[in-house]
Amino acid sequence: MATQIQEAELDCTNAARGVWLVKVPKYISQRWDKAPGNIEVGKLRIARTPARKLDVSFSLSEAVMAMEKSETIPKDHKFVISNVNNQTLGVFSQTVPPANSNAVVPETEKLTMEGKVIQRAECRPIGNETYMRLKLEGFRKSAVPTRMAKRLDDVVHVKPVANHRYNMEFVQRKKSEGKKVRDDKDKVLNVLFAAFEKHQYYNIRDLATISRQPVTYLKEILNEVCNYNLKNPHRNMYELKPEYRHYKEDEKE
């Protein structure tokens with residue numbers, strides 16, 4: 001599905017106008033968002049020092065200060081000025097017509113360049129007692145955990161519908177095999193000799209399955225009657241010692 005892009009003309013009437021880009025604290029922006037459009041929000045004072053540097057101070061208006069009685073915010077602020085010599089910044093505004101407009105001539109979206117940024121500044125409060133109290137309150141609010149543990153008294157305990165399939169297979173296998181108990185040594189030797197009459201080499205896992213004996217006990221017996229191969233092609237496998245071998249020789253024709 002293709003996305004339709006609407007074109008709009010850019011009004012560049014104020015493109016040459018110089019504007020300031022100022023970063024203000026969060027508590028100021030929150031007050032300004034709530035303030036009506038017909039009140040004074042503050043006063044800006046710009047002066048030059050003997051060193052020809054800008055000295056900019058800003059004070060919030062009494063109307064903005066009185067908007068919320070529960071929270072006291074700093075009134076006086078200083079601007080920290082920084083240049084924009086290596087940057088090209090502009091300020092743009094967008095006007096979107098209302099969706100339910102009944103105008104004869106439909107309004108279109110309007111884009112306007114409000115000016116070019118010639119100065120950047122950061123509005124910082126003066127570190128007085130009011131500001132310190134505001135920061136302390138902010139630290140207290142940030143220390144309050146957003147998630148709280150809650151005890152649930154009315155809990156419905158739900159049992160699983162069926163046991164896990166792998167658990168059931170494991171239990172059945174244990175029951176079928178039974179607990180491995182040490183048999184008499186002679187009985188184990190007879191089982192081992194009978195196995196070696198069929199094959200010459202075995203690993204410990206196969207011998208444990210055939211004899212149904214604990215591995216530790218089985219190794220003790222194997223060390224007496226078998227050699228353990230450490231080289232290929234029968235590496236890690238047991239073979240009867242020569243004195244215990246009784247392989248039948250092939251009959252000559």
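No chain of hydrophobic side-chain contacts below 4.5 Å, direct or via other Ile, Leu, Val, Met, Phe, Trp or Tyr residues, connects Ile28 to Tyr131. Under the 4.5 Å side-chain heavy-atom criterion for Ile, Leu, Val, Met, Phe, Trp and Tyr, Leu60 and Val41 are members of the same hydrophobic cluster. Hydrophobic clustering places Ile204 together with Leu240 (ILVMFWY residues linked when any side-chain heavy atoms are closer than 4.5 Å, directly or through intermediates). Note: the hydrophobic cluster containing Leu89 also contains Val19 (ILVMFWY, side chain heavy atoms under 4.5 Å, direct or indirect links). The hydrophobic clustering, which links ILVMFWY residues whose side-chain heavy atoms are closer than 4.5 Å, places Tyr217 and Leu207 together.
Once rounded to the nearest 0.5 Å, the distance linking NZ of Lys43 with OG of Ser61 reads 9.0 Å. Note that NZ of Lys185 and CG of Asn190 are 12.5 Å apart. Values are rounded to the nearest 0.5 Å. In this structure, the separation between CG on Leu21 and CD on Gln87 is 9.0 Å, given to the nearest 0.5 Å. To the nearest 0.5 Å, atoms CZ (Phe79) and CD (Glu122) are separated by 10.5 Å. The distance from atom CZ of Arg182 to atom OG of Ser211, rounded to the nearest 0.5 Å, is 12.0 Å.
In this structure, His199 has its ring center under 6.0 Å from that of Tyr202.
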Stepwise side-chain contact (heavy atoms from CB on, under 4.5 Å) check, Phe196 with Val191 = CA-CA 9 Å; Phe196 277 107; Val191 174; over 6 Å; no
message = Determine whether Arg151 and Asp153 satisfy the following criterion, salt bridge (charged side-chain N to carboxylate O under 4.0 Å, His left out), listing intermediate values before the conclusion.
response = CA-CA 6 Å; Arg151 179 178 177 179; Asp153 296 328; 3.4 Å; yes
message = Using the rule given for side-chain contact (heavy atoms from CB on, under 4.5 Å), can you reason through Ile73 versus Met65, listing the C-alpha separation, both sets of side-chain angles and the distance that settles it, and then say yes or no?
response = CA-CA 7 Å; Ile73 60 176; Met65 295 291 294; 3.8 Å; yes
key: Steps toward side chain to side chain donor-acceptor pair (under 3.5 Å) verdict (Gln213, Asp183)   = CA-CA 7 Å; Gln213 296 298 304; Asp183 290 334; 2.7 Å; yes
inquiry  = What verdict does the side-chain contact (heavy atoms from CB on, under 4.5 Å) test give for Leu44 and Val56, after you've listed the backbone C-alpha separation in whole Å, the side-chain angles of each residue and the deciding distance to 0.1 Å?
reply    = CA-CA 7 Å; Leu44 191 68; Val56 184; 3.6 Å; yes
request  = Decide salt bridge (charged side-chain N to carboxylate O under 4.0 Å, His left out) for Glu129 and Arg133; before the verdict, give the C-alpha distance in whole Å, the side-chain angles of both, and the deciding distance to 0.1 Å.
outcome  = CA-CA 6 Å; Glu129 185 178 354; Arg133 284 199 302 266; 3.1 Å; yes
key: Trace of the side-chain contact (heavy atoms from CB on, under 4.5 Å) decision for Arg17 with Lys116   = CA-CA 6 Å; Arg17 182 173 62 179; Lys116 180 182 178 181; over 6 Å; no
message = Between Lys110 and Glu9, does the salt bridge (charged side-chain N to carboxylate O under 4.0 Å, His left out) criterion hold? Intermediate values first, please.
response = CA-CA 7 Å; Lys110 184 179 180 182; Glu9 294 184 358; over 6 Å; no
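Residues Pro125 and Pro25 approach most closely at CD-CG, 4.3 Å, considering heavy atoms. Taking both residues in full, the closest heavy atoms of Val215 and Ala208 are given as CG2-CB, 4.3 Å, listed atom of the first, atom of the second, then distance. The two residues Ala63 and Ile39 come nearest to each other via the heavy atoms CB-CD1, 4.1 Å. Listed here is the closest heavy atom pair of Ala15 and Met113: CB-SD, 3.8 Å. Of all the heavy atoms in Asn227 and Pro242, the pair that sits closest is ND2-CD, 3.9 Å. Residues Arg31 and Val64 come closest through the heavy atom pair NH1-O, 2.8 Å.
Side-chain atoms of Leu10 and Phe92, non-hydrogen and from C-beta on, do get closer than 4.5 Å to each other. Ile210 is not listed as a side-chain neighbour of Leu192, based on a closest heavy-atom distance of 4.5 Å or more. Between Lys53 and Arg48, every side-chain heavy-atom pair lies at or beyond the 4.5 Å cut-off. Side-chain contact between Pro74 and Ile126 is absent, with no heavy atoms from C-beta onward closer than 4.5 Å. Here the side chains of Ile81 and Gln119 are in contact, with some heavy-atom distance below 4.5 Å. Contact annotation: the side chain of Arg120 approaches that of Val117 to within less than 4.5 Å [non-hydrogen atoms, C-beta and beyond].
Under the side-chain hydrogen bond (donor to acceptor under 3.5 Å, both in side chains) criterion, the residue pairs touching residues 72-81 are Tyr27-His77, Asp55-Lys78, Ser59-Asp76, Glu62-Lys75, with sequence neighbours excluded.
With sequence neighbours excluded, the residues that form a side chain to side chain contact (heavy atoms under 4.5 Å, CB included) with Asp186 are Asp184, Leu189. Shown here are the ring-ring contact (aromatic ring centres under 6.0 Å, His included) partners of Tyr228, two or more places apart in sequence or in another chain: Tyr238.
A donor-acceptor pair is defined here as one N or O able to donate and one able to accept, closer than 3.5 Å; such a pair exists between the side chain of Asn229 and the backbone of Met237. Remark: side-chain polar atoms of Thr112 are not paired, donor with acceptor, to backbone N or O of Ser93 under 3.5 angstrom. In this structure, Asp11 contributes its side chain and Thr13 its backbone to a donor-acceptor pair below 3.5 Å. Judged by distance alone, with hydrogens and angles left aside, the side-chain atoms of Asn203 form a donor-acceptor pair with the main-chain N or O of Asp206 at under 3.5 Å.
The environment of Arg205 atom CZ is sparse: at most 12 non-hydrogen atoms of other residues, nucleotides or ligands sit within 6.0 angstrom.
Lys241 has no carboxylate O lying under 4.0 Å from a charged side-chain N of Glu224, or vice versa, which leaves the two without a salt bridge.
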